[in-house]
Amino acid sequence: MKALSLTQIVTVGSFALLAAAGAKAETYEGVQPLASAKSRAEVNAEAMRAASAPDQNVVRGSRGAEGMATSRDRAGVVFEAMRTAAAPDQNVTSGSRVNSKVISTLQNPLDARAAAAGNSNKL
């Protein structure tokens, strides 16, 4: 009998490792059973409703502005906006001048007008 060379021993060993790795392959278990909460008829009916829905391919916002739920009345918001716009020191901040502090000493014109008219419609 002949003695095996080192390359032959390495070759035989690598083939043995490949054969051992191939023997551990996974087995095929087939298609898994379907687990659905809806029946085929329910899914089909839902698909038909979705397919016939109006504006289904329209991107949101392309149909104009969407409605918005408001929590305040329009008159109160308009009054607050007018009062803020008429404030005498609305554009002055503490950083407007070096080492300055903003102390509002001026009365808001809308408040003065309301006081003169005897209307107490303040915020």
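Residues satisfying the salt bridge (charged side-chain N to carboxylate O under 4.0 Å, His left out) criterion with Glu46, sequence neighbours excluded, are Lys38.
In this structure, the separation between CE on Met82 and OG1 on Thr84 is 10.5 Å, given to the nearest 0.5 Å.
Counting Ile, Leu, Val, Met, Phe, Trp and Tyr side chains that sit under 4.5 Å apart, directly or through other members, Val77 stands alone, with no cluster partners.
When the side chains of ILVMFWY residues are joined at heavy-atom separations under 4.5 Å, either directly or via intervening members, Val43 and Met48 end up in two distinct hydrophobic clusters.
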